[in-house]
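Encoded as structure tokens, the structure appears first; notes follow it.
Index from 1, following the sequence. If you're wondering where the values come from, they're calculated on a predicted model, not measured in any experiment.
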Amino acid sequence: MQQLNEELITQFCSNKVDLLNTNNNSKKIYAGKWCFLDKSFEDFENDEDKFLVIDNIWKEKEVFNYDFNFSSYLVDKYSSLLSNYLNKTNNVKKSDRYWNILLLPWLIHYIPSQLYRWRTVQQAFKIQRKLSFLKIKNFKKIIPNKTLDFVTMIREDDEFNYFCYYKIFNFLRSEKNFDITFIEKTGSKLEAANNNKKFPLILLSKLLEKFNYYLLKNNSIIFDFKLIKKNHHFEFCKSLNQFPQYIFNREINHTNLKNFKYDTNSRDESKISFNELSPNFSSDLDFVNFLNDTIQYDIPKCFIEGYEAIIKETKNIPLKPKIVLSGFNHFYNEVFKVWIAEYLSINNCKFFISSHGGNNHLKYSSCLQFESKIADKKLTYTIPRNKNDLQLSPLKFIGLKKISKQKTYLSYVASPNTHYPFKAYRTNFCELNNYNNIKTLEKNLNKKIFKKLIYLPSKFSIKMETLKIKDLLLSNYIEKSNSLHRFANKSNLIICTYPESAFLESVFLSPTIIIFDYNNYEFLDCGIDLKEKLTNCKILFNDTKLAAKHINDVWENPNIWWNSIEVKKTIQIFQEKFCNITEKPLSSWTDFLKMELNNLK
């Protein structure tokens, strides 16, 4: 373990907030690379006499596996405690399932993200027994309004993350007597981010949604309109004898959910306490005590101060379905979540959730399998992993077609890259993996092939890496994120960098390879060593140089390799296990929903 000179180190820096409000000459431990987002990571090498940057806490597989299981355990424990707490706070009597529908999408992000930050502070105290931390006098408490506000802020907001670290240091100093000195200063303001979103014709959109509610009064099946592509929406509705539906648009539903006023007194009326830890996690009792001390004050305001306002919104929804199918709304649409929780509590209705992404086939699924805890059935791409799972073809892939035509591009599908860790996920935050891959490909690919490489960015990226890649690729950087569907059938070969939805879609459409560290993404155990099979077939690479050599070898006609017996067999096994696309996927869905509807009669 690295050690710093105890006489020199004075301050733990959580991020840019500390850097703007401190003496640059002081000795520091930095919480992570996100402290240097405005500069090149390569400019900073640990100098043990001056500063140290804490590496990715979850870089080691064993550490992550333990914390993943610990997070999952805590989510289960606190979901029950919070149900009782919110019943008392809101003066209601609702079931655990009711509150799980509302809270779990927040809790599966909250607990792992707090645990990661706790671990960085633990690591800092292993390096240095005495630390100082900035305490900004005029800093205002930041409490998210809604679940999505929390996820967005914990992922990328500097002030919010500073506040998370401040709470940890304050707890350790006041409750655990850690040797911490607070450096009190009046804070400098960060440049305000422009988060003002304009929703054109919002009034008209709300009126149209109300009209659609009226038309859907007699629909026995309500489903998330984003689950299926627009050109198949009417076909799907027709086959189910249901009126077309475009409801529960989150932006529209949330327009009346203003910034609720935080009420500390109402949150103080009862306390949350959990101390009987499993022996497997007994060494982390201090973290549990920290959660006991803070969690009730961190709950998004929509579940306490704004709860009645959302209940009021749901009173105007006249729907009376027998089946509700969600793909996205159960995550972040607070109006939908309260409506379905209320509706299920008093009606004989089935609540189904369809996986909308390709994370379910991973051993350590970042959603912590919360959907299986709230749905009657979870409809997945993959072989079942929970007792109420059912494998069906992905709705989002309906209509995908392999097009045999002139193919030009070498498409690079970028892996997501966020500022901060925000869920139980090992990669990828504040790294330059995509840039490093592109540089390696530039060096090792045939020049004519590299000129055909186009970069398809992720929705989540960090500015510094984006600028470096744009400087390198110029017009071959595609500005619009999530553009795979536009270029897949124009690609001679596709390079994926993470084994989720993009990879599942790519292997169906075009010759595809994937470059990633298998230790970061373990597949769900399906009785077959898919890692070995994919590696032997030269589909899976953990070395970009070897991937480049393979691309050079097959570029002239990748279909010879892709359609070879062993490769086709491996892809078929992979799809059967993790993305089963049947010949008539729409029919399998309509048959399933009609059968379930008949069972309710």
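No hydrogens or angles considered: a donor-acceptor pair under 3.5 Å links the side chains of Tyr412 and Asn434.
Ring centroids of Phe352 and Phe592 are separated by less than 6.0 Å, placing the two rings close together. Centroid-to-centroid, the aromatic rings of Tyr364 and Tyr521 stay 6.0 Å apart or farther. Between Phe487 and Tyr409, the distance from one ring center to the other falls under 6.0 angstrom. Between His233 and Phe223, the ring centre distance stays below 6.0 Å.
With Phe331 as the fixed residue, the ring-ring contact (aromatic ring centres under 6.0 Å, His included) test singles out one of Phe370, Phe336, Phe248: Phe370. Among Tyr110, Phe422, Phe429, Phe70, the single residue meeting the ring-ring contact (aromatic ring centres under 6.0 Å, His included) criterion with Tyr116 is Phe429.
Cation-pi geometry between Arg155 and Tyr420 is not satisfied (NZ or CZ under 6.0 Å from the ring centre, within 45° of the ring normal). For the pair Lys61 and Phe64, the cation-pi test (distance below 6.0 Å, angle within 45°) is failed.
Comment: Lys94 engages Glu342 in a salt bridge, judged by a side-chain N to carboxylate O separation of less than 4.0 angstrom. A salt bridge links Glu334 with Lys337: the distance from a Lys NZ or Arg NE/NH1/NH2 to an Asp or Glu carboxylate oxygen falls below 4.0 Å. Using a cutoff of 4.0 Å between basic side-chain nitrogens and carboxylate oxygens, Asp76 and Lys373 are scored as salt-bridged.
Heavy-atom minimum distance, Ile581 versus Ser393: CA-OG, 3.5 Å.
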